[in-house]
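Worksheet for the structure shown next.
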Amino acid sequence: MSQDGKQHCESCGMTVESGPYCQYCTDEDGKLQSFDERFLRMVQFMKRRNDDLSQDEAEAQTLAYMATMPAWRNHPNVVGLKK
């Protein structure tokens with residue numbers, strides 16, 4: 001549970017009713033999708049939210065955000081981003 005008293009997806013930060021992950025971050029069996037799948041979808045989301053972002057900027061921002069999420073902070077693709 002977070003400081004706001006709500007439970008958030010450990011993959012993307014979206015508010016969830018129960019469980020560690022939201023419906024967008026899980027597969028049909030309720031398991032967390034692969035890093036590559038989540039990364040691709042989160043980059044697409046970033047670009048939809050901000051048309052001015054280049055692909056490289058969207059990818060960099062997505063990696064930086066994923067590095068803060070419990071599901072990904074120890075993933076090899078984001079470990080080097082921590083300061």
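Residues: numbered from 1 along the sequence shown. Note that the coordinates shown come from a computational prediction; the quantities given were computed from them, not determined experimentally.
- Summarising the geometry, atom NE2 belonging to His8 is positioned 11.0 Å from atom CE belonging to Met14; distances are rounded to the nearest 0.5 Å.
- Hydrophobic clustering, with ILVMFWY side chains joined whenever heavy atoms are under 4.5 angstrom apart, groups Tyr65 together with Leu32.
- The OG1 atom of Thr26 lies 11.0 Å from the CD atom of Glu37; values are rounded to the nearest 0.5 Å.
- Classification of the Phe35-Phe39 ring pair by plane angle, with boundaries at 30° and 60°, yields parallel.
- A distance of 10.0 Å separates NZ of Lys6 from CD of Glu17, quoted to the nearest 0.5 Å.
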Stepwise side chain to side chain donor-acceptor pair (under 3.5 Å) test for Glu59 and Gln55: CA-CA 6 Å; Glu59 288 178 6; Gln55 183 70 23; 2.9 Å; yes
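- One distance of note links CG of Leu63 with NE2 of His75; it measures 10.0 Å at 0.5 Å rounding.
- Here the OH-SG distance, from Tyr24 to Cys9, works out to 11.5 Å after rounding to the nearest 0.5 Å.
- In the hydrophobic clustering of this structure, Met66 does not group with Met46; members are Ile, Leu, Val, Met, Phe, Trp, Tyr whose side-chain heavy atoms approach within less than 4.5 Å, directly or through other members.
- Arg38 is listed as a side-chain neighbour of Cys25, based on a closest heavy-atom distance under 4.5 Å.
- Across all their heavy atoms, Thr62 and Met42 have their closest contact at CG2-CB, 3.6 Å.
- At distances below 3.5 Å, at least one donor-acceptor pair connects side-chain atoms of Glu57 with backbone N or O atoms of Ser54.
- Listed for the Asp27 side chain is a donor-acceptor partner under 3.5 Å among the backbone atoms of Asp29.
- Here the shortest heavy-atom pairing between Lys47 and Leu53 reads NZ-O, 3.7 Å.
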